[in-house]
**Student:** 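The structure that follows is given in the form of structure tokens.
Because only heavy atoms are used, hydrogens play no part in the values below, and waters and symmetry mates are left out as well, while side chains stay in. Lettering follows sequence order; numbering is per chain, from 1. Just so it is clear, the model here is predicted, and its values are computed rather than measured.
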Amino acid sequence: MPLRLATWNVNSIRARIGHLKRFLDEARPDVICCQETKVNNDAFPYAALREIGYRHILAVGQKAYHGVAIASRLPFEEEGARVWCKKDDKRHAFVRLNGVELHNFYVPAGGDVPDPETNDKFAHKLRFLKEMASWCRRERVKERPIVLVGDLNVAPLDCDVWNHKRLVRSVGHTPVESAHMARLLKAGGFLDAARHFAQPPAPLYTWWGYRFLQAFAKDYGWRLDHVWVTPSLVSSLARVEVVKTTRTWERPSDHVPVLLELG
DNA sequence: ATGGTGGTCCAACCA
């Protein structure tokens, strides 16, 4: 039975609930993983999602910042969340469904200056990626059927940003971040599923910033949102699609959804 | 070289 999964940094699930419902109606994933929900669990829009068939919901939220959620048409066989870097800032949730473990991450953005000595946010980001890698080794992630998705806030390849040369010193695309991500991929034995279908040097982006108004029109994008699978799931990979159209909707999230289909 | 916008929640932080 095919399984359709989506990941989307919605940049506030309450501000984006209309877009989220529209996307779910059009793309019809079985499961959606959201990041930056920016809402406490007691104010989470459970009813709006249950009304359209996503009856199983795991919200891991807090007020104003961060927050992740998983909403599903299929029941969860297990669910949970983990604290990373000893900061309980709601950046991870996981469920098991159809025998597949699904991990939803929101990696710290890292601030403006790519120097861990002077910028605590950048140091936190690197620590977070390192801790993810040691978790992969400790939990023997590569031996299990796992899908890891989310806003990982790193565009690791030259063709993951609109201008590599110009952005190579910018947070999100520095060599040190790309190296951390490469080690994480290796530690979990993950395949970067989006790049399985859109091989370099094909450009592929999931985020176009708000600050420059023409960013989307000029395709000044970054690939910050990722869908990875462990080796036992590689043979069932059917499709990955970046759904750019949501970025054209009124008052959009700066990120767009990524769809993953396992056949 | 700089600043630009958007969300949360009403000042200032984060992205």
Side-chain angles (χ1 to χ4, degrees), chain A residues 7-23 33-45 48 59-69 84-85 87-93 104-116 118-129 149-156 160-163 165-174 176-178 180-181 205-226 244-258:
Chain A
T7 179
W8 192 8
N9 179 326
V10 290
N11 186 17
S12 168
I13 198 164
R14 288 177 294 177
R16 225 67 64 194
I17 191 66
H19 284 199
L20 182 57
K21 286 168 71 175
R22 180 175 170 188
F23 167 70
C33 294
C34 293
Q35 303 87 35
E36 280 207 272
T37 54
K38 296 188 173 178
V39 64
N40 260 334
N41 291 351
D42 58 17
F44 189 91
V60 181
Q62 63 183 47
K63 192 153 71 174
Y65 302 114
H66 323 309
V68 293
W84 301 82
C85 299
K87 285 165 73 90
D88 192 12
D89 50 3
K90 311 305 182 192
R91 296 181 179 275
H92 171 243
N104 177 15
F105 279 95
Y106 175 51
V107 171
D112 292 328
V113 181
D115 175 10
T118 60
N119 175 5
D120 290 342
K121 291 178 193 167
F122 194 73
H124 179 217
K125 181 179 196 175
L126 297 183
R127 269 203 318 278
F128 196 101
L129 293 166
V149 304
D151 176 3
L152 304 185
N153 265 317
V154 180
D160 288 332
V161 294
W162 63 277
N163 186 329
K165 197 174 167 190
R166 182 183 167 128
L167 298 169
V168 72
R169 280 168 231 92
S170 299
V171 171
H173 189 59
T174 61
V176 65
E177 292 167 90
S178 299
H180 275 66
M181 179 166 272
Y205 314 135
T206 66
W207 176 85
W208 294 262
Y210 291 127
R211 295 187 197 187
F212 179 53
L213 280 168
Q214 310 281 20
F216 188 68
K218 293 192 175 291
D219 205 22
Y220 294 165
W222 298 48
R223 188 171 71 108
L224 300 178
D225 303 274
H226 296 268
K244 284 177 70 171
T245 52
T246 66
R247 192 65 175 77
T248 68
W249 297 349
E250 196 177 345
R251 291 188 159 278
S253 169
D254 42 356
H255 296 255
V256 300
V258 183

**Student:** Classify the angle between the aromatic ring planes of A/Phe212 and A/Tyr220 as parallel (below 30°), tilted (30 to 60°) or perpendicular (above 60°).
**Tutor:** parallel
**Student:** Roughly how many Å is it from OH in A/Tyr220 to P in B/dT5, rounded to a whole number?
**Tutor:** 17 Å
**Student:** Rounded to the nearest angstrom, tell me the gap between atom NZ in A/Lys63 and atom C1' in B/dC14.
**Tutor:** 16 Å
**Student:** If the P atom of B/dA12 is compared with that of B/dA1, how far apart are they to the nearest Å?
**Tutor:** 30 Å
**Student:** Okay, side chain of A/His173, backbone of A/Ala155: is any donor-acceptor separation there less than 3.5 Å?
**Tutor:** yes
**Student:** Classify the nucleic acid contact of A/Tyr65 as base, sugar-phosphate or nothing, counting any heavy atom under 4.0 Å across all strands shown.
**Tutor:** base
**Student:** For a side chain to side chain donor-acceptor pair (under 3.5 Å) with A/Gln35, tell me which candidate from A/Thr7, A/Asn153, A/Asp151, A/Asn9 qualifies.
**Tutor:** A/Thr7
**Student:** What's the CD1-C1' distance between A/Ile17 and B/dG7, to the nearest Å?
**Tutor:** 16 Å
**Student:** Out of B/dT8, B/dA15, B/dT5, which nucleotide sits closest to the side chain of A/Arg91?
**Tutor:** B/dA15
**Student:** Please state whether the rings of A/Tyr106 and A/His66 are parallel, tilted or perpendicular, taking 30° and 60° as the class boundaries.
**Tutor:** tilted
**Student:** Can you check the A/Gln214 CD to B/dG6 P distance for me, whole Å?
**Tutor:** 13 Å
**Student:** What's the gap between B/dG7 and B/dG3 when it is taken at their P atoms, as a whole Å value?
**Tutor:** 22 Å
**Student:** Using whole Å, what does the distance between atom P of nucleotide B/dC14 and atom NZ of A/Lys38 come to?
**Tutor:** 12 Å
**Student:** Taking a pair as Watson-Crick or G-U wobble with both distances under 3.5 Å, which nucleotide is matched to B/dG6?
**Tutor:** B/dC14
**Student:** Write down the distance separating the P atoms in B/dC9 and B/dC14, rounded off to the nearest Å.
**Tutor:** 15 Å
**Student:** Tell me: NE2 of A/His19 to P of B/dG6, nearest whole Å?
**Tutor:** 13 Å
**Student:** Looking at A/Arg14, does any N or O in its side chain come under 4.0 Å of the phosphate oxygens OP1/OP2 on B/dC9?
**Tutor:** yes
**Student:** Round to the nearest Å and state the distance from A/Tyr210 atom OH to B/dT8 atom C1'.
**Tutor:** 13 Å
**Student:** Which whole-number value in Å describes the distance from A/Asp112 CG to B/dT2 C1'?
**Tutor:** 12 Å
